[in-house]
Amino acid sequence: MSSYSTSDLSRRSGDIIAEALRHPVMITQRNKPRLVLMAIEDFERLTRRAEDPRQVYVSGKEPADVRAELLAALDDIIDGKRDGDA
């Protein structure tokens, strides 16, 4: 992802906006990432994903109820009570 400072954005807004229409660009302030500038179509696609009920967790950081359900399902697969593709 390309990166520009807020000063760059002030001086070269047209060029940066044109680039952001092709792919997201990062805007930094005091050398720290602060904003992402992107085309509205990309933003809408990302926000539609937020409505997806599926969740992703880092192993070991999942809620206890999710972990228990996952372990029970794995036990069932190992014991042959459940198809691994289900």
Side-chain angles (χ1 to χ4, degrees):
M1 178 184 311
S2 299
S3 178
Y4 298 94
S5 69
T6 52
S7 298
D8 294 333
L9 184 59
S10 295
R11 290 190 311 270
R12 300 178 44 211
S13 62
D15 294 337
I16 295 171
I17 289 170
E19 185 174 345
L21 289 171
R22 293 189 302 275
H23 57 84
V25 297
M26 182 186 322
I27 305 299
T28 62
Q29 188 175 39
R30 295 186 184 102
N31 295 317
K32 294 182 180 177
R34 296 292 185 203
L35 304 165
V36 174
L37 187 62
M38 67 178 68
I40 190 67
E41 295 83 6
D42 294 336
F43 175 77
E44 288 171 345
R45 187 172 51 254
L46 287 172
T47 57
R48 274 195 307 275
R49 286 184 187 166
E51 297 169 5
D52 188 338
R54 296 175 292 179
Q55 295 290 315
V56 175
Y57 301 102
V58 173
S59 181
K61 306 236 184 224
E62 67 280 340
D65 61 323
V66 171
R67 182 174 180 76
E69 185 177 338
L70 176 60
L71 291 174
L74 289 172
D75 284 342
D76 286 351
I77 292 169
I78 290 166
D79 294 340
K81 296 178 188 172
R82 189 185 293 198
D83 182 5
D85 294 331

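One-based numbering along the sequence shown.
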Q: Going by the rule side-chain hydrogen bond (donor to acceptor under 3.5 Å, both in side chains), which residues pair with Ser3 if we only count those two or more places apart in sequence or in a different chain?
A: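 So Ser3 forms no side-chain hydrogen bond (donor to acceptor under 3.5 Å, both in side chains) with any residue.
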Q: On a heavy-atom basis, which atom in Ser2 and which in His23 lie closest, and how many Å separate them?
A: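 Between these two residues, the closest heavy atoms are OG-CE1, 3.6 Å.
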Q: Scan residues 55-65 for pairs that pass salt bridge (charged side-chain N to carboxylate O under 4.0 Å, His left out), counting only residues two or more places apart or in two chains.
A: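 Residue pairs passing salt bridge (charged side-chain N to carboxylate O under 4.0 Å, His left out), neighbours aside: Glu62-Arg67.
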Q: How many angstroms lie between atom CG of Leu21 and atom CG of Leu37, to the nearest 0.5 angstrom?
A: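 Separation between the atoms: 8.0 Å.
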Q: Kindly give the heavy-atom pair with the smallest separation between Met26 and Pro33, and that separation in Å.
A: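 Residues Met26 and Pro33, closest heavy atoms: SD-CB, 3.4 Å.
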Q: Quick check: is Ile40 connected to Leu46 through a chain of hydrophobic side chains (ILVMFWY, heavy atoms under 4.5 Å apart)?
A: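 In one cluster with Leu46: Ile40, yes.
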Q: Using the side-chain hydrogen bond (donor to acceptor under 3.5 Å, both in side chains) criterion, which residues pair with Gln29? Sequence neighbours excluded.
A: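 If we apply the side-chain hydrogen bond (donor to acceptor under 3.5 Å, both in side chains) test to Gln29, skipping adjacent residues, there are no hits.
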Q: Mind checking what makes side-chain hydrogen bond (donor to acceptor under 3.5 Å, both in side chains) contact with Arg34, not counting sequence neighbours?
A: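 Testing Arg34 for side-chain hydrogen bond (donor to acceptor under 3.5 Å, both in side chains), a comparison that skips the adjacent residues, returns none.
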Q: Under the side chain to side chain donor-acceptor pair (under 3.5 Å) rule, what pairs show up with a residue in residues 7-16, not counting sequence neighbours?
A: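 Matches after skipping sequence neighbours: Ser5-Asp8, Asp8-Arg11.
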Q: Hey, what else clusters with Val56 if you join Ile, Leu, Val, Met, Phe, Trp, Tyr whenever side-chain heavy atoms sit under 4.5 Å?
A: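 Cluster partners of Val56: none, it stands alone.
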Q: Distance check, rounded to the nearest 0.5 Å: Leu74 atom CG versus Glu69 atom CD?
A: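 CD of Glu69 is found 11.0 Å from CG of Leu74.
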Q: Check this for me: Arg22, atom CZ, are more than 12 non-hydrogen atoms of other residues, nucleotides or ligands nearer than 6.0 Å?
A: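 Yes, CZ of Arg22 has more than 12 neighbouring heavy atoms, counting only those of other groups under 6.0 Å.
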Q: Please check if Val36 and Ile16 belong to a single hydrophobic cluster, counting links between Ile, Leu, Val, Met, Phe, Trp and Tyr side chain heavy atoms closer than 4.5 Å.
A: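 The answer is no; the residues belong to distinct hydrophobic clusters.
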Q: Return yes when atom CZ of Phe43 has more than 12 non-hydrogen atoms of other residues, nucleotides or ligands closer than 6.0 Å, and no otherwise.
A: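 Check fails, neighbour count at 12 or below.
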Q: With clusters defined by side-chain heavy atoms of hydrophobic residues (ILVMFWY) lying less than 4.5 Å apart, directly or transitively, does Ile17 cluster with Tyr4?
A: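 Yes, Tyr4 and Ile17 fall within the same hydrophobic cluster.
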